[in-house]
Amino acid sequence: ACFICKRPEWSVDPRYNTVRRLSVDHDHTTGVVRALLCIACNKFVGMLEKNPELVEMRLDYLRSKRWADL
């Protein structure tokens, strides 16, 4: 299962009805393997590593509930 969200090891890609395996998350500098992650969590970790401030800004936006008033 995904180390972060606990989704099963195999998931189905609904767009193509194909089975996806978990991604091997690793540190791109050292090559050290950290964990197995589903595609969504792996993408999030990648975004976090590249620009943590942007991730925080997105969380602030969701927490603000400004979008609920639209």
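Index from 1, following the sequence.
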**Q.** Arg20: partners by side-chain hydrogen bond (donor to acceptor under 3.5 Å, both in side chains), with sequence neighbours left out
**A.**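 Applying side-chain hydrogen bond (donor to acceptor under 3.5 Å, both in side chains) to Arg20 gives Asp13.
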Q. Any side-chain heavy-atom pair from Ser23 and Cys38 closer than 4.5 angstrom?
A.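 Not touching, per the 4.5 Å side-chain cut-off.
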Q.
Listing request: all ring pair (Phe, Tyr, Trp, His ring centres under 6.0 Å) pairs with a residue in residues 34-58, at least two apart in sequence or in separate chains.
A.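 Every pair satisfying ring pair (Phe, Tyr, Trp, His ring centres under 6.0 Å) with a residue in residues 34-58: there are none.
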Q: Any chance you could pull the hydrophobic cluster mates of Leu37, using side-chain heavy atoms under 4.5 angstrom and chaining through other members?
A: Phe3, Ile4, Val45
Q.
Starting from Leu36 and following side-chain heavy-atom contacts under 4.5 Å between hydrophobic residues (I, L, V, M, F, W, Y), which residues can be reached?
A. Leu22, Val24, Val33
Q) Among pairs that include at least one residue of residues 27-49, which meet salt bridge (Lys or Arg N to Asp or Glu O under 4.0 Å), considering only residues two or more places apart or in two chains? A) Asp25-Arg34, Arg34-Glu49
Can you give me every donor-acceptor pair (side chain of residues 50-60, partner residue at least two apart or in another chain, under 3.5 Å) with its distance?
{"residue": "Asn51", "atom": "OD1", "partner": "Glu53", "partner atom": "N", "Å": "3.4"}
{"residue": "Asn51", "atom": "OD1", "partner": "Leu54", "partner atom": "N", "Å": "3.1"}
{"residue": "Glu56", "atom": "OE2", "partner": "Arg63", "partner atom": "NH1", "Å": "3.4"}

(Q) My understanding is that only residues two or more places apart in sequence, or in another chain, count here; which of them pass side chain to side chain contact (heavy atoms under 4.5 Å, CB included) with Ala1? (A)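 None.
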